[in-house]
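Quick notes on the structure that follows.
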Amino acid sequence: MPIAAPDADALAHSERLQALIRAHIAEAGGAIPFSRFMELALYAPGLGYYSAGATKFGAAGDFVTAPELGPLFAECVAEAVAPVLRELGAAAEFVEIGGGSGRFAEDAIGRLLAIDAMPARYAILEPSADLRERQRMHLQQCLAPAAFARVAWLDGPPQARWDGVLFANEVIDALPTPRFTLREGEVFEEHVALGDDGGFVRVDRPADALLAAAVRHVERQLDAPFADGYRSELLPQLPYWLQAVIGGLDRGALLFVDYGHPRREYYRPQREDGTLRAFHRHQLVADVLARPGLQDLTASVDFTALAEAGTGAGFDFAGYCTQASFLLGNGLPELLAEHERRASDEAGRYALRQQVKTLTLPDAMGERFQAMGFAREVTFDHAFLAGDLSHRL
């Protein structure tokens with residue numbers, strides 16, 4: 001199915017962002033790292049894909065996330081973290097990174113209230129001013145005043161000492177990622193420059209010491225060097241990002257859900273051009289450099305790298321499993337039955353069953369997405385008892 005052409009306003013918006021990116025390229029001497037291009041394309045204030053006002057989530061947007069399907073995903077997450085919140089006590093907090101449309105917060109708060117595990121504060125760390133305002137409006141409409149009063153938006157990671165749970169769904173895949181390639185055994189970093197027609201083109205420059213060392217670290221784990229011409233993504237800044245977003249967390253748990261692979265699967269020889277892709281109106285776009293600001297850019301997560309970052313930050317590894325196993329192990333069958341009993345008709349029950357299929361079937365979200373957790377001075381292993389995959393890391 002052909003992708004509908006953007007309207008004039010959308011194209012004008014993209015042109016403004018392209019002008020900004022061209023200025024950065026000129027200032028840098030003719031090329032910027034792809035990670036910088038991705039950062040500007042997604043997050044440039046007022047212009048980037050996540051910073052501007054177009055609808056991103058759901059049928060009217062460019063992709064559908066698990067919370068947009070219905071309440072079951074968020075309610076299972078609430079069931080998984082509830083024992084941690086109870087163990088931490090009345091002052092515990094829940095921090096969600098990237099609040100999306102606000103649907104996850106709505107359903108998670110509803111479930112936490114229902115099972116008497118609501119934390120003292122539900123905080124959302126949302127870099128997009130536009131999305132923050134949408135979340136605020138949505139939650140103010142759907143939550144009772146007492147529940148809404150516990151919701152707060154953070155301007156940055158919590159710097160004060162805190163105890164609680166940090167949660168991120170489809171966040172790491174949107175971190176601006178460096179791209180590398182190999183030439184005669186040497187590591188190069190992918191950059192973006194301007195072609196003769198003024199469009200964006202890919203060029204390679206020698207990698208800096210941080211990226212080169214990270215590539216060599218992966219090669220040692222794979223027991224083989226990358227072939228010349230092999231190209232992929234690598235996030236050497238992931239440990240620093242993780243340390244930053246947890247802020248002053250003393251006791252608590254971290255939970256990440258995203259799509260990706262263990263390292264050996266991520267860097268398979270056959271995946272010779274990496275996992276980077278672009279989406280517009282639910283369709284894959286071949287040119288990731290085209291029309292910045294109008295399409296999502298994303299790369300899969302190396303879950304081995306995430307495990308290294310979490311344990312390197314001083315947390316105990318709690319577990320790793322597919323999204324299907326995580327949801328089934330944290331109350332999905334019981335929650336489905338509960339919602340089916342409350343459904344007013346067969347159409348409602350059918351929609352619930354379709355929601356479960358999308359969340360759990362291997363060819364939908366069930367195996368493409370995985371969950372990984374970490375803990376510090378709390379017990380969180382219970383959330384990963386079903387289908388443990390840690391041996392694949």
Side-chain angles (χ1 to χ4, degrees), residues 21-43 172-244 258-278 286-290 292 297-309 311-312 392-393:
I21 296 173
R22 290 190 187 101
H24 279 270
I25 289 174
E27 185 179 347
I32 57 174
F34 173 79
S35 57
R36 180 60 173 153
F37 173 89
M38 185 173 176
E39 180 183 5
L40 292 168
L42 296 182
Y43 303 110
I172 298 176
D173 66 85
L175 294 180
T177 179
R179 297 252 291 166
F180 71 90
T181 189
L182 278 292
R183 290 186 181 182
E184 298 182 353
E186 296 300 316
V187 182
F188 282 71
E189 181 174 3
E190 183 175 309
H191 283 60
V192 176
L194 298 179
D196 294 337
D197 61 354
F200 299 119
V201 296
R202 184 173 75 186
V203 297
D204 297 325
R205 299 283 187 269
D208 62 21
L210 179 64
L211 180 59
V215 171
R216 299 309 185 198
H217 171 72
V218 170
E219 286 182 320
R220 287 192 294 272
Q221 285 213 334
L222 298 177
D223 300 322
F226 290 113
D228 271 10
Y230 187 90
R231 189 178 297 269
S232 192
E233 305 81 34
L234 199 154
L235 273 171
Q237 70 270 37
L238 182 59
Y240 310 105
W241 175 85
L242 184 61
Q243 294 264 17
D258 224 313
Y259 47 85
H261 316 276
R263 179 164 288 158
R264 289 185 180 277
E265 296 176 25
Y266 194 108
Y267 295 110
R268 289 186 306 166
Q270 299 88 339
R271 193 174 279 119
E272 58 187 15
D273 196 36
T275 70
L276 180 71
R277 49 212 182 271
D287 187 357
V288 299
L289 303 180
L297 298 177
T298 178
S300 297
V301 174
D302 173 359
F303 275 94
T304 305
L306 180 57
E308 292 172 343
T311 55
R392 291 170 56 188
L393 296 170

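No experiment lies behind these values; they were computed from the predicted model shown. Heads up: numbering here begins at 1 and tracks the sequence. Hydrogens, waters and symmetry mates play no part in the numbers below; they use all other heavy atoms, side chains included.
Residues passing the ring pair (Phe, Tyr, Trp, His ring centres under 6.0 Å) test with Tyr43, sequence neighbours excluded: Tyr50. In this structure Asp273 satisfies the salt bridge (charged side-chain N to carboxylate O under 4.0 Å, His left out) test together with Arg179, Arg202, sequence neighbours excluded. Partners of Arg216 by salt bridge (charged side-chain N to carboxylate O under 4.0 Å, His left out), not counting sequence neighbours, listed by chain and number: Glu219. Looking at residues two or more places apart in sequence or on another chain, you find a side-chain contact (heavy atoms from CB on, under 4.5 Å) between Ala278 and Val285, Val288, Gln295, Leu297. With sequence neighbours excluded, the residues satisfying salt bridge (charged side-chain N to carboxylate O under 4.0 Å, His left out) with Asp204 are Arg183, Arg231. With sequence neighbours left out, the side-chain contact (heavy atoms from CB on, under 4.5 Å) criterion links Arg392 to Pro262, Glu265, Leu389. In this structure, the salt bridge (charged side-chain N to carboxylate O under 4.0 Å, His left out) partners of Arg264, at least two apart in sequence or on a different chain, are Asp223. Scored by the side-chain contact (heavy atoms from CB on, under 4.5 Å) test, Glu39 finds Arg36, Pro176 as partners (sequence neighbours excluded). Looking at residues two or more places apart in sequence or on another chain, you find no side-chain contact (heavy atoms from CB on, under 4.5 Å) involving Ala244. Annotation: side chain to side chain donor-acceptor pair (under 3.5 Å) contacts of Arg22 (sequence neighbours excluded): Gln18. The side chain to side chain donor-acceptor pair (under 3.5 Å) check on Ser232 picks up nothing, with sequence neighbours excluded.
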Given the rule in the side-chain contact (heavy atoms from CB on, under 4.5 Å) test, do Val218 and Leu234 qualify, once you have shown the distances and angles that lead to the verdict?
CA-CA 9 Å; Val218 170; Leu234 199 154; 3.7 Å; yes

Could you give me the CA-CA distance, side-chain angles and deciding distance for Ile32 and Ile21, then say whether side-chain contact (heavy atoms from CB on, under 4.5 Å) is met?
CA-CA 9 Å; Ile32 57 174; Ile21 296 173; 4.2 Å; yes

May I have the step-by-step check of side-chain contact (heavy atoms from CB on, under 4.5 Å) for Trp241 and Leu235, ending in yes or no?
CA-CA 10 Å; Trp241 175 85; Leu235 273 171; over 6 Å; no

Apply the test side-chain contact (heavy atoms from CB on, under 4.5 Å) to residues Asp302 and His261: give CA-CA distance (whole Å), side-chain angles for both, the deciding distance (0.1 Å), then the verdict.
CA-CA 6 Å; Asp302 173 359; His261 316 276; over 6 Å; no

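The distance from atom OG1 of Thr298 to atom CD1 of Ile172, rounded to the nearest 0.5 Å, is 11.0 Å. From Leu238, atom CG reaches atom CD of Glu308 across 9.0 Å, with rounding to the nearest 0.5 Å. For the atom pair His191 NE2 and Ile25 CD1, the distance stands at 10.5 Å (nearest 0.5 Å). In this structure, CG in Leu242 is found 12.0 Å from CD in Gln237, a value given to the nearest 0.5 Å.
Using a distance-only test at 3.5 Å, with no hydrogens or angles considered, no donor-acceptor pair links the side chain of Glu190 to the main chain of Pro178. Judged by distance alone, with hydrogens and angles left aside, the side-chain atoms of Asp173 form no donor-acceptor pair with the main-chain N or O of Ser300 at under 3.5 Å.
Shown here for Thr177 and Phe34, the closest heavy-atom pair between the two residues is O-CD2, 3.4 Å. What you find for Phe37 and Pro292 is that their closest heavy atoms are CZ-CB, 4.3 Å. Considering every non-hydrogen atom in both Gly312 and Gln243, the closest pair reads O-NE2, 4.0 Å. When all heavy atoms of Val203 and Ala193 are compared, the pair lying nearest together is CG2-CB, 3.9 Å. Across Glu189 and Pro33, no two heavy atoms sit closer than the pair OE2-CB, 3.4 Å. When all heavy atoms of Gly274 and Glu233 are compared, the pair lying nearest together is CA-OE2, 3.5 Å.
Inter-residue side-chain proximity for Leu289 and Val201 is flagged as unmet; no heavy-atom pair is nearer than 4.5 Å. Contact of the Leu393 side chain with the Arg263 side chain is not registered, since no non-hydrogen atoms from C-beta on lie closer than 4.5 Å.
Within the structure, ring pair (Phe, Tyr, Trp, His ring centres under 6.0 Å) pairs that include any residue of residues 210-234 comprise Phe180-Phe226, Phe226-Tyr230, Phe226-Tyr267 (at least two apart or interchain).
Side-chain contact annotation: Thr304 with Gln221, donor-acceptor N/O pair under 3.5 Å absent.
No more than 12 heavy atoms of other residues, nucleotides or ligands lie within 6.0 Å of CD in Glu184, so this atom counts as exposed by the packing criterion. Within 6.0 Å of atom CG in Asp196, 12 or fewer heavy atoms from other residues, nucleotides or ligands are found, so the atom counts as exposed in its surroundings.
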